[in-house]
Asks: 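Sharing a structure here in structure tokens format.
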Amino acid sequence: MDDEPLRKKLMNVVYHDEDPNERFVFENVKASDYYPKPLFLYDDDEKAVFETPMYGSSIQHKIVPPCEISKQDVKDICDIVFFYRDNKQDDESQAVFSFLMYVLESANIWKIRKVISEHGGIVENVPVVAALIGQGETGKTTLLKIVSCLTIGSKEHIVNAQDDIFKLKAGVKEKLANNQKLTEAEKKNPFSETPLVMNKNTWEFIQRYMLTKSSITPICIDDPNIGLIQSKSAENPLKYLSNTYKGAPHPVVLIAMNDRNHNFSIPHQIGRRAYAFGQENQFRQISKSEANQLTHFENDLSNQVFLYLTYWIDAWLDNVSDEDYENLSKDFLYPVKQAFKGLLSEHALYDGMKRYFESDNYDIKNDNGRRNWLALLSDKNVLEKISFKKGDETAFIPKDCFPGRDGVSRYFDYLPAKLEICPTQVDAGLSIVIDNMDSWLGNSVLREKYRADTGLAHDEHEIKIAKIQAIEQGRAMAETQFKLQQEVKRQEEEKRMRKKLGYKLKNLFRHDD
């Protein structure tokens with residue numbers, strides 16, 4: 001937490017002499033001290049959002065949704081997407097757009113799950129956790145601050161997962177809870193920084209918060225261990241949170257975590273419940289004006305759009321038609337995208353954002369697959385082993401090009417099925433449809449290699465040279481023809497002038513006679 005005095009108070013360890021044996025005293029820290037403030041609660045009977053200044057407060061203030069949203073509030077959200085498009089080493093704006101849509105819909109996730117449950121759908125496919133994942137200095141914490149402002153209205157209540165509250169050993173916690181005496185070893189070292197201990201404590205904290213009655217305020221957690229949602233141990237707590245569904249309002253969790261080893265993958269059962277977003281590329285050097293814009297995003301954003309959309313989506317979910325449900329079951333972000341599209345159109349901002357609505361929601365498996373394939377096909381040794389046949393629009397990549405024992409299967413799984421890049425997998429390797437792969441990767445590596453290996457590039461070069469020569473010959477012939485025509489014209493003009501001169505001289509002599 002940014003509040004240093006509170007931070008010191010939380011973890012103050014004191015030794016004193018009440019009796020001959022030193023007694024360990026650990027100040028009782030309430031999980032609610034870390035909860036976001038203000039806390040937005042939803043009353044399903046009144047169909048209204050309430051704000052409480054502190055968790056547990058008996059005073060509630062009804063929040064009336066704004067009648068109008070300013071163009072600047074809407075434009076700010078567009079500008080965040082454009083910032084991650086224009087200032088990253090590689091465009092990662094599609095991930096940011098989908099993340100923002102999840103965040104702006106987060107207060108309605110509970111109700112979407114309720115509607116899907118009432119229709120007999122699979123509630124577990126609506127994620128209750130969203131995680132930004134990538135290397136350091138890629139803008140994850142910055143984006144977490146931004147969405148904290150967009151929802152809570154402040155960036156001051158982001159939970160630091162490296163705080164000591166998440167390091168307390170299980171045995172120490174249990175003894176303190178039961179007012180039991182600690183051993184000398186436990187007194188000296190009550191904390192553990194092992195991922196297992198910290199992740200377990202973090203999940204316990206998350207579970208307490210998500211079961212907070214009527215809360216719809218997302219909680220933001222920065223820098224937990226990557227295993228929080230990657231390891232097998234994450235499956236049970238996530239299943240519990242996702243499957244323990246009673247139709248009541250509940251919040252979601254927004255996380256930014258560092259994939260220090262650049263080897264993130266997410267198991268299927270976890271991926272259904274935790275929506276992961278990759279942020280792998282660092283920012284380019286930004287200008288002073290761009291730095292000012294980033295400061296604006298982190299400090300000055302309004303949460304009025306979030307509150308407006310919360311009410312809009314809530315009303316929409318109360319009157320879901322069969323067609324609406326079909327769209328919702330295909331895309332749980334459908335409601336927020338429809339609502340936000342309306343705001344964009346109202347303020348003449350839709351054209352600039354159109355491509356994000358027309359694209360599929362971000363999929364980290366697809367993104368990671370694309371990154372891995374790009375790396376593979378940038379290896380000259382791999383490119384040399386790829387074979388082509390003239391007239392065949394596929395490239396064959398043998399199995400020894402793929403790293404790891406399961407390389408062929410792994411790289412086949414990376415390929416989006418609907419793009420029809422590789423129809424089937426065989427042990428010997430993969431047959432890749434050239435243009436479909438190049439289109440997915442956004443380059444022409446395979447097409448250029450095909451042209452070079454099959455001689456088409458040479459043939460095309462020869463044809464091009466022949467065309468150039470033909471054009472030059474045609475131009476030379478045209479110039480020669482033009483010169484001949486000009487010479488004929490000159491001679492005819494000279495002949496005409498001589499004839500005319502002769503006529504004049506003849507008349508002159510006749511006059512002299």
Side-chain angles (χ1 to χ4, degrees), residues 68-88 90-109 111-112 115-116 125-127 130 132 139 143 146-147 150-151 218 252 254 275-279 297 301-317 319-367 369-370 416-419 439-440 442:
E68 294 183 3
I69 300 296
S70 73
K71 182 174 183 177
Q72 186 59 49
D73 287 342
V74 180
K75 185 175 180 297
D76 277 339
I77 296 171
C78 301
D79 288 343
I80 294 165
V81 176
F82 298 153
F83 192 91
Y84 277 73
R85 176 196 68 189
D86 299 334
N87 294 291
K88 280 297 193 77
D90 187 24
D91 181 359
E92 293 183 320
S93 59
Q94 184 64 48
V96 171
F97 173 77
S98 292
F99 179 66
L100 290 176
M101 291 301 100
Y102 181 88
V103 168
L104 292 173
E105 190 179 77
S106 59
N108 307 97
I109 289 293
K111 195 162 187 174
I112 290 171
V115 170
I116 289 176
N125 286 341
V126 181
L132 297 164
L143 196 51
I146 289 170
V147 299
L150 283 176
T151 54
V252 302
L254 309 176
Y275 196 0
F277 301 85
Q279 288 293 294
F297 292 154
L301 295 180
S302 164
N303 65 349
Q304 293 301 295
V305 172
F306 168 72
L307 295 172
Y308 172 88
L309 292 176
T310 296
Y311 274 96
W312 191 101
I313 298 168
D314 184 63
W316 185 87
L317 290 168
N319 299 281
V320 175
S321 65
D322 290 341
E323 182 181 356
D324 289 336
Y325 178 73
E326 184 177 353
N327 289 323
L328 179 64
S329 63
K330 291 178 181 177
D331 178 10
F332 73 93
L333 293 180
Y334 176 79
V336 70
K337 289 191 290 189
Q338 290 299 107
F340 189 60
K341 186 188 294 185
L343 286 177
L344 291 171
S345 298
E346 180 182 337
H347 295 290
L349 295 170
Y350 177 68
D351 286 347
M353 296 288 289
K354 185 177 180 181
R355 79 172 176 96
Y356 297 102
F357 289 90
E358 292 178 344
S359 301
D360 292 337
N361 292 335
Y362 176 83
D363 183 340
I364 196 168
K365 179 183 176 183
N366 180 59
D367 189 22
R370 179 177 169 273
K418 69 176 184 177
L419 297 184
S439 177
W440 183 49

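Atoms considered below: every heavy atom in the structure, side chains included; atoms not considered: hydrogens, waters and symmetry mates.
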Asks: Check step by step if side chain to side chain contact (heavy atoms under 4.5 Å, CB included) holds for Phe332 and Asn125.
Replies: CA-CA 9 Å; Phe332 73 93; Asn125 286 341; over 6 Å; no

Asks: Quick one: does Phe306's side chain get under 4.5 Å of Ser106's, heavy atoms only?
Replies: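 Sidechains of Ser106 and Phe306: in contact.
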
Asks: For Tyr102, what residues pass the ring pair (Phe, Tyr, Trp, His ring centres under 6.0 Å) criterion, not counting sequence neighbours?
Replies: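 Not a single residue meets the ring pair (Phe, Tyr, Trp, His ring centres under 6.0 Å) criterion with Tyr102.
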
Asks: What distance do Leu307 atom CG and Ser302 atom OG have between them, rounded to the nearest 0.5 Å?
Replies: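 Leu307 CG to Ser302 OG: 8.0 Å, rounded to 0.5 Å.
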
Asks: Please name the pair of heavy atoms, one in Ile112 and one in Pro335, separated by the smallest distance, quoted to 0.1 Å.
Replies: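 So the two residues come closest at CD1-CG, 4.5 Å.
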
Asks: Taking side chain as C-beta onward, heavy atoms only, is Trp316 less than 4.5 Å from Gln338?
Replies: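 No. Closest side-chain heavy atoms not under 4.5 Å.
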
Asks: Could you list the residues that satisfy salt bridge (charged side-chain N to carboxylate O under 4.0 Å, His left out) with Asp363, not counting sequence neighbours?
Replies: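 Counting only residues at least two positions away or on another chain, Asp363 forms no salt bridge (charged side-chain N to carboxylate O under 4.0 Å, His left out).
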
Asks: With sequence neighbours excluded, tell me which residues meet ring pair (Phe, Tyr, Trp, His ring centres under 6.0 Å) with Phe357.
Replies: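 Partners of Phe357 under the ring pair (Phe, Tyr, Trp, His ring centres under 6.0 Å) test: Phe97, Tyr350.
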
Asks: Identify the two heavy atoms, one from Ser359 and one from Gln94, that lie closest to each other, and give their separation to 0.1 Å.
Replies: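 Nearest heavy atoms, Ser359 then Gln94: CB-OE1, 3.5 Å.
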
Asks: If you compare all heavy atoms of Leu150 against all heavy atoms of Ile77, which two are closest, and at what distance to 0.1 Å?
Replies: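 For Leu150 versus Ile77, the nearest heavy atoms are CD2-CG1, 4.3 Å.
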
Asks: To the nearest 0.5 Å, tell me how far Asn327 CG sits from Lys337 NZ.
Replies: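 Interatomic distance, Asn327 CG to Lys337 NZ, rounded to 0.5 Å: 10.0 Å.
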
Asks: Can you list the residues that meet the side-chain contact (heavy atoms from CB on, under 4.5 Å) rule with Ser70, with sequence neighbours excluded?
Replies: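 By the side-chain contact (heavy atoms from CB on, under 4.5 Å) rule, Ser70 matches Gln72, Asp73.
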
Asks: Take Phe83 and Ser93 through the test side chain to side chain contact (heavy atoms under 4.5 Å, CB included) and record every step on the way to the result.
Replies: CA-CA 8 Å; Phe83 192 91; Ser93 59; over 6 Å; no

Asks: Work out which heavy atom in Lys71 is nearest to a heavy atom in His347; give both atom names and the distance.
Replies: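 Heavy-atom minimum between the residues: CE-O, 3.3 Å.
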
Asks: Is any side-chain heavy atom of Leu104 closer than 4.5 Å to a side-chain heavy atom of Val147?
Replies: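 The answer is no, as the side chains (C-beta and beyond) never meet within the 4.5 Å cut-off.
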
Asks: Identify the two heavy atoms, one from Met101 and one from Val336, that lie closest to each other, and give their separation to 0.1 Å.
Replies: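 Closest approach of Met101 to Val336: O-CG1, 3.5 Å.
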
Asks: Do Tyr84 and Lys88 make a side-chain contact, defined as non-hydrogen atoms from C-beta onward lying under 4.5 Å apart?
Replies: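 Yes - at least one pair of side-chain heavy atoms lies under 4.5 Å apart.
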
Asks: Do Asp331 and Asn361 get their side chains close enough for a donor-acceptor pair, meaning under 3.5 Å?
Replies: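 Distance-only check passes for Asp331 and Asn361.
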
Asks: Before we go on, tell me: are the rings of Phe99 and Tyr362 under 6.0 Å apart, centre to centre?
Replies: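 That pair fails the under 6.0 Å test.
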
Asks: How far apart are the C-alpha atoms of Lys75 and Phe82, what are their side-chain angles, what is the distance that settles it, and do they pass the side chain to side chain contact (heavy atoms under 4.5 Å, CB included) test?
Replies: CA-CA 10 Å; Lys75 185 175 180 297; Phe82 298 153; over 6 Å; no

Asks: Determine, stepwise, if the pair Leu343 / Leu309 fulfils side chain to side chain contact (heavy atoms under 4.5 Å, CB included).
Replies: CA-CA 10 Å; Leu343 286 177; Leu309 292 176; 4.1 Å; yes

Asks: From Leu344 CG over to Cys78 SG, what is the distance, rounded to the nearest 0.5 angstrom?
Replies: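 It is 4.5 Å, given to the nearest 0.5 Å.
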
Asks: Check ring pair (Phe, Tyr, Trp, His ring centres under 6.0 Å) between Phe340 and all other residues, then give those that pass, not counting sequence neighbours.
Replies: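 Listed in chain order: nothing, the list is empty.
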
Asks: Is it the case that the ring center of Phe277 lies less than 6.0 angstrom away from the ring center of Tyr275?
Replies: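 Yes.
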
Asks: Would you find a donor on one side and an acceptor on the other, under 3.5 Å apart, between the side chain of Asp324 and the backbone of Ser321?
Replies: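 Here the side-chain-to-backbone pair exists.
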
Asks: Do Glu105 and Ile109 come close enough that some side-chain heavy atom pair is under 4.5 Å?
Replies: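 Side chain of Glu105 against side chain of Ile109, heavy atoms only: contact under 4.5 Å found.
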
Asks: Could you list all the salt bridge (charged side-chain N to carboxylate O under 4.0 Å, His left out) pairs where at least one residue sits in residues 339-356, not counting sequence neighbours?
Replies: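 Qualifying pairs: Asp91-Arg355, Lys354-Glu358.
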
Asks: What heavy-atom pair brings Asn108 and Asp314 nearest, and what distance separates the two atoms?
Replies: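 Scanning both residues, the minimum pair turns out to be ND2-N, 3.5 Å.
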
Asks: Say whether, by atom type as modelled, one donor and one acceptor occur between the side chain of Ser329 and the main chain of Glu326 under 3.5 angstrom.
Replies: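 Checked: pair present.
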
